Protein chains: 2
Amino acid sequence: MHQQTIENYLKTIYHLSDGNSFVVTNKDLADRLHVIPATVTEAVKKLHQLKLVEYEKSYGTRLTSQGIKQALNIVRRHRIWETYLAQELGFGWDEVHELAEELEHIKSDKLVQKLAKKIGNPAYDPHGDPIPDEKGRFQKPEFKKLADAKVGRTYTLSGVADHSAAFLKFLDRYKMKIGTTIKVVEIENFDGSMLTVCNSKEVRLSLQVVSNLLVR
Amino acid sequence: MHQQTIENYLKTIYHLSDGNSFVVTNKDLADRLHVIPATVTEAVKKLHQLKLVEYEKSYGTRLTSQGIKQALNIVRRHRIWETYLAQELGFGWDEVHELAEELEHIKSDKLVQKLAKKIGNPAYDPHGDPIPDEKGRFQKPEFKKLADAKVGRTYTLSGVADHSAAFLKFLDRYKMKIGTTIKVVEIENFDGSMLTVCNSKEVRLSLQVVSNLLVR
DNA sequence: AAAATTATTTTGGTCTGCCAAAAATAATAA
DNA sequence: TTATTATTTTTGGCAGACCAAAATAATTTT
Ligand SMILES: [Mn+2]
Ligand SMILES: [Mn+2]
Ligand SMILES: [Mn+2]
Ligand SMILES: [Mn+2]
């Protein structure tokens with residue numbers, strides 16, 4: 001099995017199982033990886049032989065501890081690259097994911113280590129996602145959706161649930177980024193939209209938007 | 001054909017034809033790419049269909065202008081990465097080639113452009129090889145082998161003919177790098193070795209070594 | 001000019017990652 | 001508890017990148 005294929009499967013299983021080792025379904029994997037379920041069946045069998053996943057047929061797949069370890073390493077690489085590209089080379093947070101998707105497969109721990117050092121071993125990537133350290137450790141931040149926030153309170157934007165370039169560019173237009181404070185002025189309970197104050201301006205944000213903004 | 005395969009073939013053809021469009025032999029390609037000649041036969045046929053090479057059977061292969069263009073772009077990427085890794089991330093000149101061999105395939109001109117800018121759009125890579133610009137232009141420096149140098153003269157190390165880590169580390173031990181001046185004190189015509197002065201020290205260099213040192 | 005050597009191409013396979021369609025299993029709705 | 005629907009697995013195939021061995025062609029030696 002090609003290393004790159006393995007890595008993409010492991011990372012995807014990891015994300016679908018929400019970081020923990022919940023069982024992941026073949027169809028979900030197929031959808032995320034843009035292949036058909038039959039392809040996934042074959043792949044997870046091979047991953048099983050490599051002892052990277054536990055696999056019970058017709059039930060699902062979960063990472064073994066070995067699998068988690070590798071998955072975390074790839075996640076680390078991905079997020080280190082994203083952060084590096086943004087901080088060191090001036091890429092926008094809407095551009096870094098696609099590039100990191102390729103760069104994460106470059107096989108050199110030394111390189112990742114140097115990149116990380118250069119940007120000061122950050123704990124979070126440009127989207128607010130935590131970066132595992134060399135040993136895979138990280139504390140997951142306690143976010144909540146802005147959609148679940150209370151009127152009158154002020155929050156700090158700390159993450160995004162939607163990583164699409166479209167959404168991130170939308171946020172750019174409102175100068176919203178990780179760290180921006182958002183005050184909830186009023187919630188329209190007809191459509192769930194929120195009136196907020198953001199960069200000293202009043203902005204109305206749709207339910208779509210506020211449920212993809214993660215705040216603290 | 002996989003893009004990466006194409007790129008590796010084009011780059012190798014380019015190097016084997018010494019930058020110009022000399023005809024390259026199947027066997028030479030096979031040796032450099034670590035495949036057997038039969039594989040090359042298949043590959044060059046496909047490259048021909050893609051109009052990237054001219055190919056006359058049982059004669060050889062040469063890059064078309066389209067092929068040269070692409071080859072130069074890959075060479076550019078490779079050398080930009082090498083320089084970036086060395087200058088910006090502190091990798092040794094003996095380490096950068098292997099990494100660049102992977103990184104050169106990341107498909108983003110914007111990335112390469114940013115890397116290049118960060119290191120000041122250099123004209124030469126850490127081994128003294130010229131870096132083509134975005135349009136593929138570069139002037140090839142006029143090197144000569146130290147082996148062909150004259151007694152009593154002083155030269156500047158400007159390139160290396162052998163890019164192996166072993167050779168580069170050897171040079172490191174003598175603190176020789178691009179820019180170091182070398183004075184030829186004496187040539188032993190029994191074995192072709194040279195007595196030189198290098199970093200204010202007398203050093204005897206074997207024929208092997210002096211024929212891989214390119215000087216100006 | 002033969003003979004011997006070397007290079008190239010052809011032919012028949014393997015392996016990997018994928019898909020389409022059919023068959024087998026769940027899971028859900030009626 | 002049947003149907004109906006959704007998911008998973010099996011089966012048979014395809015394309016790409018490769019190789020081994022045999023068949024050709026070119027080059028070099030004698
Ligand atoms: Mn990403
Ligand atoms: Mn991210
Ligand atoms: Mn190199
Ligand atoms: Mn180089």
Side-chain angles (χ1 to χ4, degrees), chain A residues 1-18 21-63 67 70-71 74 101-102 104-105 107, chain B residues 1-18 21-63 67 70-71 74 101-102 104-105 107:
Chain A
M1 236 182 152
H2 290 160
Q3 184 61 19
Q4 201 156 317
T5 309
I6 295 176
E7 289 180 358
N8 285 332
Y9 270 90
L10 292 181
K11 199 179 55 158
T12 307
I13 296 169
Y14 177 82
H15 286 314
L16 284 175
S17 63
D18 197 33
S21 53
F22 292 137
V23 163
V24 164
T25 197
N26 266 6
K27 172 149 197 308
D28 286 352
L29 271 173
D31 289 347
R32 290 287 187 101
L33 291 166
H34 306 290
V35 294
I36 70 174
T39 304
V40 174
T41 304
E42 284 179 342
V44 293
K45 277 181 189 168
K46 287 177 201 155
L47 290 173
H48 176 69
Q49 291 188 319
L50 295 171
K51 297 193 199 301
L52 293 171
V53 305
E54 288 162 29
Y55 162 63
E56 271 183 79
K57 72 190 269 180
S58 283
Y59 171 62
T61 303
R62 74 160 39 144
L63 295 171
Q70 278 204 39
I74 302 154
E101 210 54 50
E102 287 188 65
E104 68 189 359
H105 301 292
K107 47 183 182 312
Chain B
M1 237 181 150
H2 291 160
Q3 184 61 20
Q4 199 153 322
T5 310
I6 294 176
E7 290 180 359
N8 285 331
Y9 271 89
L10 292 181
K11 199 179 55 160
T12 308
I13 295 168
Y14 177 82
H15 286 314
L16 284 175
S17 62
D18 198 31
S21 55
F22 292 137
V23 163
V24 164
T25 199
N26 267 4
K27 174 151 196 309
D28 286 351
L29 271 174
D31 289 346
R32 289 287 187 100
L33 291 166
H34 305 293
V35 294
I36 68 173
T39 303
V40 173
T41 304
E42 285 178 343
V44 294
K45 277 181 187 167
K46 288 177 200 155
L47 290 173
H48 176 69
Q49 290 187 320
L50 294 171
K51 298 192 198 304
L52 294 170
V53 305
E54 288 163 29
Y55 162 65
E56 271 183 78
K57 73 188 273 180
S58 283
Y59 171 63
T61 302
R62 73 159 42 142
L63 294 171
Q70 277 203 204
I74 303 154
E101 209 55 49
E102 288 188 65
E104 68 190 359
H105 300 292
K107 47 183 181 314

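Per chain, numbering begins at 1; letters A, B, ... match sequence-line order. In this text, all values refer to a predicted model and were calculated from it rather than measured experimentally.
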> Any side-chain N or O of A:Lys57 less than 4.0 Å from the OP1 or OP2 oxygen of D:dT10?
Replying inline: yes

>> Please tell me if A:Tyr55 has a side-chain N or O lying less than 4.0 Å from either OP1 or OP2 of D:dT9.
In response: yes

>> Measuring to OP1 and OP2 of D:dT5, would you say a side-chain N or O of A:Lys27 lies under 4.0 angstrom away?
In response: no

> OP1 or OP2 of C:dT25 sitting under 4.0 Å from any side-chain N/O of A:Ser58?
Replying inline: no

> Could you state the CG-C1' distance from A:Leu33 to C:dG17, rounded to the nearest angstrom?
Replying inline: 12 Å

> Where do B:Val44 and B:Leu29 land on the side-chain contact (heavy atoms from CB on, under 4.5 Å) test, with the steps shown first?
Replying inline: CA-CA 10 Å; B:Val44 294; B:Leu29 271 174; 4.2 Å; yes

>> Using a 4.0 Å heavy-atom cut-off, does A:Thr41 contact any base of the nucleic acid, only the sugar-phosphate backbone, or nothing at all?
In response: base

> Taking the side chain of A:Thr25 as heavy atoms from C-beta outward, which of D:dT8, C:dT16, D:dA17 is closest to it?
Replying inline: D:dT8

> Nearest heavy-atom pair of B:Pro37 and B:Ala30: which atoms, and what distance?
Replying inline: N-CB, 3.7 Å

> If every non-hydrogen atom of A:Glu54 is compared with every non-hydrogen atom of A:His48, which pair is closest and at what distance?
Replying inline: CA-ND1, 4.2 Å

>> Rounded to whole Å, how long is the line connecting atom NZ of B:Lys45 with atom P of C:dT10?
In response: 4 Å

>> Rounded to whole Å, how long is the line connecting atom CD1 of B:Ile6 with atom P of D:dG16?
In response: 11 Å

> How far apart are the closest heavy atoms of A:Leu63 and A:Ala71, and which atoms are they?
Replying inline: CD1-CB, 4.1 Å

Using atom names, set out every protein N or O paired with an N or O of nucleotides 19-21 of chain C below 3.5 Å, distance rounded to 0.1 Å.
{"unit_1": "C:dC19", "atom_1": "OP2", "unit_2": "A:Ile36", "atom_2": "N", "d": "3.1"}
{"unit_1": "C:dC19", "atom_1": "OP2", "unit_2": "A:Thr39", "atom_2": "OG1", "d": "2.8"}

> Taking CG from A:Asn26 and P from C:dT25, how many angstroms apart are they, rounded to a whole number?
Replying inline: 16 Å

> Taking all atoms of both residues into account, what is the closest heavy-atom pair of B:Asn26 and B:Thr41, and its distance?
Replying inline: ND2-OG1, 3.4 Å

>> Distance check needed: C:dC18 C1' versus A:Asn8 CG, whole Å only.
In response: 14 Å

> Just how far, in rounded Å, is C1' of D:dC18 from CG of B:Leu29?
Replying inline: 15 Å

> Given atom CG of A:Leu50 and atom P of C:dG17, what is their separation to the nearest angstrom?
Replying inline: 10 Å

> Under 4.0 Å between a Lys/Arg side-chain N and an Asp/Glu carboxylate O for A:Asp31 and A:Lys27?
Replying inline: yes

> What is the distance, rounded to the nearest whole Å, between atom CE of B:Met1 and atom P of D:dC14?
Replying inline: 22 Å

>> Which residues pass the side chain to side chain donor-acceptor pair (under 3.5 Å) test with B:His105, not counting sequence neighbours?
In response: B:Glu7, B:Asn8

